[in-house]
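I have placed the structure first, in the form of structure tokens, so that the comments after it can refer back to it.
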Amino acid sequence: MSNGPELIITEKDNAARRIADILSGESVEAERVNGVNVYKWGGKRCIGLSGHVVGVDFPPEYNDWRDVEPVELIDAPVDKHPTQENIVAALRRLARRARRVVIATDYDREGELIGKEAYELVRDVNEDVPVDRVRFSSITDREVTEAFENPDELDFDLAAAGEARQIIDLVWGAALTRFLSLSARQLGDDFISVGRVQGPTLKLIVDREREIDAFDPEDYWELFADLEKDGEGFESQYFYLDDDGNEAERVWDGDDAEAAYETLEDVAAATVESVRRRTRTDEPPAPFNTTQFIRAAGSIGYSAQRAMSIAEDLYTAGYMTYPRTDNTVYPEDLDPEELLSEFSGHRTFGEDADSLLEQEEIEPTAGDNETTDHPPIHPTGELPSPSDLSEDEWEVYELVVRRFFATVAESAEWEHLRVVADADGLSLKANGKRLVEAGYHAVYPYFNSSESFVPAVEEGEELAVTDTRIEDKQTQPPRRYGQSRLIETMEKMGIGTKATRHDVIQKLYDRGYIESDPPKPTRLARSVVEAGEEFAELIVSEEMTAQLEQDMQAIARGEATLEGVTDESREILEDVFEGLMSSGEEVGEHLQKSLKADKTVGTCPDCGGDLVIRKSRRGSYFIGCDSYPDCTYTLPLPSTGKPLIMEDTCDEHELHHVKMLAGRKTFVHGCPLCKAEEADEQEDLVIGTCPECGEEHGGELAIKRLRSGSRLVGCTRYPDCDYSLPLPRRGDVEVTDDSCEEHDLPKIRITYDDDREPWDLGCPICNYREYQAQQNGSELEAVKGIGEKTAQKLQDAGIGDVSALKEAEPDALADAVDGVGPDTVREWQANAD
DNA sequence: GCAAGGTC
């Protein structure tokens, strides 16, 4: 029996640190084993994994897509191998001498599987050590202490349920993805993927687009009258009772609408027929889970991806709780009063917190989902000051704080006033609403709480008609799903998880299935969904997940086995492949056609063939003729971003406009032929001598416009000399009389058509130097462990970029940078790889 | 290089 330490294993480093703090009474020491944090106190060690540290995959001999028939993957073996070598090695090292192991991964199915993976790694090196499992749903003193006082055993059945999912997802996903990619001859980066979650998500988007395409708009009319009482005006709308006796505002017949309007136009007054007052209670919202957080962040302009990334940063910095949760019920341990009082006296939140603390009773709201995974998202007692956060981070942090405030605030009260009046036989109605008790709206301004005014009137009263309007309208097609609606719908359908839904949407963008925001499906996406519907219905249906969920529950209850469930799934996939393989060519042709349609910009002016977007061997995009090599017509595209063909076309050339997608730097390039012609017409403006070849060959620097639409300061001897400096894409370039003494070049100013302030860019060489320094700085900041300030210090010490950091001698660099030791430098160097 | 699920 070893008398080594007791080893506690958690799912992530953050949890390891907090659990160690709780169990040790905050007397914990941190050390690094293989570059992994290990927390140690007394005879205990605590290590955090990084989710799954082993992955499932086929053996290497199945790696070649061409050599292996996709159908062979169905019965191929599935192996597990370490994916996080350093963590696995650290775990093994600690487990070897451990006297006891406690698995403390998250309290959900995936956590049980991650725990089992850790268990197996432990067993590899230590056959006898006892292994326990503890379960708690939030990392608080009471829950953690209690869990460790009552250890349980790993639930191998629950873990097996998770393993069945892993295998089924891999086999179906890989086999079908390879089949589609091979059939369409898409083997590079642009393979064609399908899977249990992305399939139905894509179908959701495609189905909505089909509805939009099939939509046939209908004309209708709406009539309005402005009424007035004692000089106070308000709007009313005409309505009638339809065949079913329901109130209707839309008039579907033009003649009817015209007739009603003629009557309305002629009336001078309307008589009040009924007045109804009602108060409505407006309950505060439930605590945030991931989906509702993403939705709220979406309403203030953040994409799902961005919202989650900011939340992640706020979580790691300790300002808010774990952002991936299904739970909408605060744990009992959370004392809202205590948390509120942390905000008391705060510059931004103090007043609101104090007003909430004055309430007679503080009773938080609760949603419908009570799960064991993590608590709902809420701020921790640790408060950042605005200078600790970027503007976006602060905005998201404020949202989280205010949502917490709202959940402990009182309900709001609205007074609704509904007035119906008669105008020469026509019914008019007006709905007013007034917020009589602001309640939670006072601390949570993200919901619409605008009022609409209708004065207090009484039955029988005469109201003046001051104006009338008739509006002709059309019924609208259903709206595309926005990102947050998509995530909500996925949650409702039961596909994906809190941690993956937003990634799935990103994946659809990356695969060329959707574009723009709200996402619109490409032709390729339609074809993939069509192929799925015809040959592999399950892979585009939420049924697959529903069935899998049932099977997993059966495994977890011990009523089914992992082998039984995966074997059955493999048989179903065999059947799918029978159909697919007999129609492989047809499927491939269909996909290829759509791929080409997605890339076609228009007709080639030289030969009448199709102009398509292509990628050069260097990886940049350009437009070329599909009849190449017979026709060599080309047009350049900007070097930043990924081209997207837009729906509208150029009046002159009939080519589709092109948009360049580059995240937040996305811009519309327009007609590529117009851009090229503009560049051909523009003469280069010489501004000075080329620093590279001026003395020797007389090269000059000039402001140039390229056919790709970009502008630069470049040498007139190009291509013999390729010296160049970048210029911004937008705005007009102006050469000022002011000049740079160091480089003897005029200073440049950028002006804009809109009301934006001009930008004094200055000397183009100086400007480029600054830009490069900034780029290198952010490159340095991308290295784990280096923040903005450290990056600045490193630059001051002569470390301009990442490669310089890697080559630096650790001791020398540590001497040159305040507060940094050689070990830290080595760590950065390791992280930089 | 394929999926989906953890986490960073």
Side-chain angles (χ1 to χ4, degrees), chain A residues 10-16 35-37 48-58 60 62-70 72-74 76 78 80 83-84 86-87 105-106 108-118 159 161-182 186-202 308-317 322-325 373-374 490 495-504 506-508 510-511 538-539 544-545 548-549 552 569 573 782-785 831:
Chain A
T10 70
E11 189 155 323
K12 40 189 169 281
D13 175 60
N14 212 303
V36 182
N37 288 334
L49 308 176
S50 181
H52 290 287
V53 291
V54 295
V56 292
D57 209 346
F58 302 111
Y62 289 85
N63 279 354
D64 195 313
W65 291 34
R66 270 178 263 251
D67 275 0
V68 180
E69 289 285 332
E72 291 180 58
L73 295 178
I74 301 178
V78 174
K80 270 192 199 184
T83 48
Q84 306 264 15
N86 55 336
I87 299 179
T105 47
D106 291 356
D108 54 21
R109 186 173 55 221
E110 218 58 29
E112 208 67 24
L113 176 52
I114 291 165
K116 190 211 161 194
E117 289 160 1
E163 286 180 297
R165 179 200 58 70
Q166 288 185 317
I167 293 167
I168 290 171
D169 281 340
L170 173 66
V171 171
W172 280 73
L176 289 172
T177 294
R178 285 198 198 176
F179 183 89
L180 292 183
S181 304
L182 281 161
Q186 290 286 306
L187 288 188
D189 296 334
D190 299 323
F191 59 87
I192 298 172
S193 69
V194 278
R196 174 177 58 83
V197 176
Q198 49 175 291
T201 307
L202 192 57
M308 284 309 285
S309 142
I310 292 175
E312 184 73 40
D313 290 343
L314 292 170
Y315 156 70
T316 5
Y322 193 61
R324 293 182 273 275
T325 176
D373 55 356
H374 293 91
M490 290 169 75
I495 57 175
T497 72
K498 66 222 172 189
T500 58
R501 290 185 195 110
H502 62 277
D503 286 334
V504 170
Q506 188 54 45
K507 187 173 271 178
L508 298 182
D510 295 343
R511 295 279 190 274
L538 266 182
I539 208 67
M544 179 156 175
T545 299
L548 180 61
E549 198 61 49
M552 283 195 287
S569 178
L573 186 55
V783 175
K784 197 175 164 191
N831 289 340

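Each chain gets a letter, A, B and so on, in the order the sequences are listed, and its residues count up from 1. The analysis underlying the following values was restricted to heavy atoms, covering all of them including side chains, and did not include hydrogens, waters or symmetry mates. Predicted model, so just to flag it, every value in this text is computed and none were measured.
Once rounded to the nearest 0.5 Å, the distance linking OG1 of A:Thr545 with CZ of A:Arg165 reads 10.5 Å. The line from CG of A:Asn63 to CG of A:Asp57 is 7.0 Å long, rounded to the nearest 0.5 Å.
The side chain of A:Ser193 contributes an N or O atom lying less than 4.0 Å from OP1 or OP2 of B:dA3. OP1 or OP2 of B:dA4 sits under 4.0 Å from a side-chain N or O of A:Gln198. Between B:dT7 and A:Tyr322, a contact under 4.0 Å exists linking OP1 or OP2 to a side-chain N or O. Considering only side-chain N and O atoms, A:Arg501 lies nowhere under 4.0 angstrom from the phosphate OP1 or OP2 of B:dG5. Note on A:Ser50: every side-chain N or O is 4.0 Å or more away from OP1 and OP2 of B:dC8. Checking the phosphate oxygens (OP1, OP2) of B:dT7, no side-chain nitrogen or oxygen of A:Gln84 falls inside 4.0 Å. At the phosphate of B:dG5, neither OP1 nor OP2 sits under 4.0 Å from any side-chain N or O atom of A:Arg165.
Between A:Asp373 and the choices A:Arg324, A:Arg109, A:Lys498, the salt bridge (Lys or Arg N to Asp or Glu O under 4.0 Å) rule is met once, by A:Lys498.
Scored by the ring-ring contact (aromatic ring centres under 6.0 Å, His included) test, A:Tyr322 finds A:Tyr315, A:His374 as partners (sequence neighbours excluded). Under the ring-ring contact (aromatic ring centres under 6.0 Å, His included) criterion, A:His502 pairs with no residue, sequence neighbours left out.
Counting any heavy atom pair closer than 4.0 Å across all strands shown, A:Asp189 reaches no nucleic acid atom. Looking at heavy-atom distances under 4.0 Å, A:Arg511 makes contact with sugar-phosphate atoms alone, never a base. Using a 4.0 Å heavy-atom criterion, one finds that A:Gly188 contacts the bases of the nucleic acid, with or without backbone contacts as well. Among the atoms of the strands shown, base atoms are found under 4.0 Å from some heavy atom of A:Trp65. Among the protein residues, A:Val194 comes within range of the sugar-phosphate backbone only, with heavy atoms under 4.0 Å from sugar or phosphate atoms but none that close to a base. A:Phe179 comes within 4.0 angstrom of no nucleic acid atom, judged by non-hydrogen atoms across all strands.
Candidate nucleotides B:dC8, B:dG6, B:dC2 were compared by shortest atom distance to the side chain of A:Thr500, and B:dG6 ranks first. Checking B:dG5, B:dT7, B:dA3 against every side-chain atom of A:Leu170, the shortest atom distance belongs to B:dA3. Of the candidate nucleotides B:dA3, B:dG5, B:dT7, B:dG5 has the atom nearest to the side chain of A:Arg196. Distances were taken from every side-chain heavy atom of A:Glu11 (C-beta onward) to each of B:dA3, B:dT7, B:dG5; the shortest belongs to B:dT7.
With hydrogens and angles ignored, no donor-acceptor pair under 3.5 angstrom links the side chain of A:Asp13 to the base of B:dC8.
A straight line from CD1 of A:Ile74 to P of B:dA3 spans 17 Å, rounded to a whole angstrom. One interatomic measurement links the two molecules: CG of A:Asp108 to P of B:dT7, which rounds to 8 Å at whole-angstrom precision. Taking atom CD of residue A:Glu117 and atom P of nucleotide B:dT7, one finds them 12 Å apart after rounding to whole Å. Regarding A:Glu163, its CD atom lies at a distance of 13 Å from the C1' atom of B:dG5, rounded to whole Å. Between A:His374 atom NE2 and B:dG6 atom P the separation is 10 Å, expressed in whole Å. At whole-Å resolution of the value, CZ in A:Phe191 and C1' in B:dA3 are 10 Å apart. Atoms CG (A:Asn63) and P (B:dC2) sit 11 Å apart, rounded to a whole Å. As rounded to whole Å, 6 Å separates atom C1' of B:dC8 from atom CD of A:Glu312.
Nearer the 5' end of DNA chain B, as judged by each residue's closest nucleotide, is the contact made by A:Asp169, out of A:Lys12 and A:Asp169. Both A:Leu49 and A:Ile167 lie close to DNA chain B; mapped to their nearest nucleotides by heavy-atom distance, the more 5′-ward contact belongs to A:Ile167.
Side chains of A:Val194 and A:Phe179 form no contact here, defined as non-hydrogen atoms less than 4.5 Å apart.
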Steps toward side-chain contact (heavy atoms from CB on, under 4.5 Å) verdict (A:Met308, A:Gln506) = CA-CA 12 Å; A:Met308 284 309 285; A:Gln506 188 54 45; over 6 Å; no

